[in-house]
Each structure stands twice: as C-alpha cells, then as structure tokens.
Amino acid sequence: PSLVSYWRHSAPAKQPGIGQEYSTLTRRATRDHAIWIESSGSESLVRREGYRVVFRDHASFETQVRNAERMRDLYGIGFEAEDSGALAKAEPALRQPLEGAIHWHDAWTCTDPGALVLAYSRLFEQQGGELLRSELIGLEQAGAAWKVRTSAGTLDTANVVIALGPWSPQALAP
C-alpha cells in the first residue's frame with residue numbers, strides 16, 4: 001500500500017506542486033546537513049561535486065536532457081548535459097564509450113552512509129542525547145505527549161518521530 005500511494009502521488013499531474021515542495025525540502029536538508037557534517041567532523045565522507053546519470057542510448061539521453069531542462073526551469077536545479085566526449089573526459093575510468101550524462105551540480109554524495117550516521121549519533125551523544133536501542137512494543141497518545149513502550153521500558157516524551165520508510169504504517173497500525 002505504501003508504494004502504491006507513493007506511485008499515485010508521483011503522477012505527472014502532481015509533480016509541479018510536489019516538486020516545488022521537494023525542492024524546498026531538499027535545500028533545507030542540505031543546509032541542515034552542512035551544519036551536522038561540519039560539527040561531526042565528517043567532511044571527508046561527503047563530496048559536494050554533484051553526480052552523473054549516464055546513458056547508453058541517444059533517445060534516452062535526449063529525453064532526460066529535456067526533463068533536466070524542465071527541472072532547471074521549474075526549480076532552479078543546476079545541471080550540465082555532457083556528450084560522450086565530455087563524459088569520457090570527466091570520467092576517464094569508463095571502459096566503453098557511452099552516449100552522454102547529466103551532471104547534476106547541486107547534489108552531494110556520501111562515500112559511506114553508515115559512517116556518516118555513526119558520526120551524527122556520536123555528535124548527538126556529545127551534545128547530551130541518549131541513544132536507546134530497543135524494540136517498539138506500543139505507542140499511545142497521553143494528552144499532548146506520548147507514551148512509548150519499548151523492550152527497555154516506557155518513555156514519556158513530547159514528540160515521536162517514526163522513520164521506518166514503507167514499514168512506518170505497520171509500526172503505527174496497533
């Protein structure tokens with residue numbers, strides 16, 4: 001059900017509104033992560049050089065260049081269309097010629113997401129946070145707050161974040 005809902009909300013007719021929201025969210029997340037990356041000392045894990053999507057055939061490349069132009073015009077996303085020669089020069093390790101690439105300039109990549117999460121969790125603990133690894137048994141609203149029952153005991157908290165991706169509805173069902 002989660003994937004069907006995601007697919008339905010990703011329909012072309014909904015993209016302009018959702019795309020603007022995603023664009024705003026992405027810019028905000030990038031600013032926030034920049035602070036966390038610096039504070040956690042994990043700059044070496046993040047590359048701010050964008051990333052390339054490569055294409056083997058001309059038709060796909062041309063279609064996606066037009067799509068990238070639309071994204072640039074609607075949301076201000078920076079990119080460069082690289083033909084086969086420009087791609088080969090930018091990525092000399094490629095062993096066979098490809099049709100081209102779209103180089104998205106604004107994107108960041110992470111060489112080791114697990115290490116980045118670990119650096120963030122160490123920063124969280126250094127700033128007084130506590131990590132609790134336990135199984136969620138139950139969650140109930142208690143007035144304006146929450147009561148979270150776990151295998152490690154019960155927690156009373158003002159806020160709860162459920163970040164389980166497509167498994168979130170399953171965790172919230174009870």
Side-chain angles (χ1 to χ4, degrees), residues 2-3 6 9-10 15 18-57 60-61 63-65 67-136 148 150-152 155 157-168 170-171:
S2 298
L3 291 176
Y6 180 82
H9 287 90
S10 299
Q15 284 183 356
I18 291 173
Q20 190 60 51
E21 291 175 25
Y22 281 172
S23 179
T24 301
L25 180 62
T26 300
R27 282 180 172 70
R28 169 65 191 268
T30 301
R31 284 193 307 270
D32 289 349
H33 275 279
I35 295 166
W36 299 335
I37 290 163
E38 181 180 351
S39 298
S40 66
S42 53
E43 292 91 350
S44 65
L45 299 173
V46 178
R47 294 187 180 136
R48 295 176 170 107
E49 302 162 358
Y51 73 93
R52 288 177 175 82
V53 179
V54 300
F55 300 91
R56 294 179 190 277
D57 68 89
S60 296
F61 177 54
T63 298
Q64 292 308 315
V65 167
N67 187 49
E69 289 168 344
R70 190 172 62 83
M71 295 295 167
R72 178 198 58 215
D73 296 343
L74 286 172
Y75 312 117
I77 300 171
F79 82 97
E80 181 179 351
E82 299 173 336
D83 64 15
S84 184
L87 174 58
K89 185 175 181 182
E91 298 288 344
L94 291 173
R95 294 178 184 241
Q96 62 182 357
L98 296 167
E99 185 62 34
I102 295 174
H103 182 187
W104 297 102
H105 293 288
D106 301 331
W108 295 357
T109 58
C110 181
T111 59
D112 187 344
L116 182 62
V117 170
L118 187 59
Y120 283 179
S121 63
R122 282 194 298 263
L123 175 64
F124 176 70
E125 289 176 310
Q126 289 167 0
Q127 294 178 342
E130 179 184 354
L131 293 179
L132 174 64
R133 289 178 176 84
S134 62
E135 182 179 344
L136 176 65
V148 182
T150 75
S151 57
L155 304 168
T157 183
N159 300 294
V160 174
V161 175
I162 304 295
L164 300 173
W167 297 277
S168 295
Q170 180 183 355

Taking [Y]'s backbone N and O only, do any of them form a donor-acceptor pair with [X]'s side chain (distance below 3.5 Å, no angle check)?
X      : Y     : value
Ser84  : Leu98 : yes
His103 : Glu49 : yes
Asp106 : Gly78 : yes

Result block: side-chain N/O donor-acceptor pairs under 3.5 angstrom for residues 37-46, not counting sequence neighbours:
| from | atom 1 | to | atom 2 | distance (Å) |
| --- | --- | --- | --- | --- |
| Ser39 | OG | Ile35 | O | 2.9 |
| Ser40 | OG | Trp36 | O | 2.8 |
| Ser40 | OG | Ile37 | O | 3.3 |
| Ser40 | OG | Ser42 | OG | 2.7 |
| Ser42 | OG | Ile37 | O | 3.4 |

Kindly compute the distance separating [atom1] ([X]) from [atom2] ([Y]), expressed to the nearest 0.5 Å.
X      : Y      : atom1 : atom2 : result
Leu131 : Arg122 : CG    : CZ    : 11.0 Å
Ile77  : Tyr22  : CD1   : OH    : 12.5 Å
Glu82  : Glu99  : CD    : CD    : 13.0 Å

How close do [X] and [Y] get, counting heavy atoms only, and between which atoms?
X     : Y     : result
Ala81 : Phe61 : CB-CZ, 4.3 Å
Val53 : Phe55 : O-CE1, 3.3 Å
Ala86 : Asp83 : N-OD1, 2.8 Å
Arg27 : Ser23 : NH1-OG, 2.6 Å

Can you tell me if [atom1] on [X] sees more than 12 non-hydrogen neighbours from other groups inside 6.0 Å?
X      : atom1 : result
Arg72  : CZ    : yes
Trp167 : CH2   : no
Arg47  : CZ    : no

Stepwise side chain to side chain contact (heavy atoms under 4.5 Å, CB included) test for Glu21 and Thr24: CA-CA 5 Å; Glu21 291 175 25; Thr24 301; 5.8 Å; no
The salt bridge (Lys or Arg N to Asp or Glu O under 4.0 Å) partners of Glu91 (sequence neighbours excluded) come to Arg52
Set of salt bridge (Lys or Arg N to Asp or Glu O under 4.0 Å) partners for Asp32, sequence neighbours left out: Arg28
Where do Leu132 and Leu155 land on the side chain to side chain contact (heavy atoms under 4.5 Å, CB included) test, with the steps shown first? CA-CA 11 Å; Leu132 174 64; Leu155 304 168; 3.6 Å; yes
Evaluate the criterion side chain to side chain contact (heavy atoms under 4.5 Å, CB included) for residue pair Tyr120 and His33; output intermediate values, then yes/no. CA-CA 10 Å; Tyr120 283 179; His33 275 279; 2.6 Å; yes
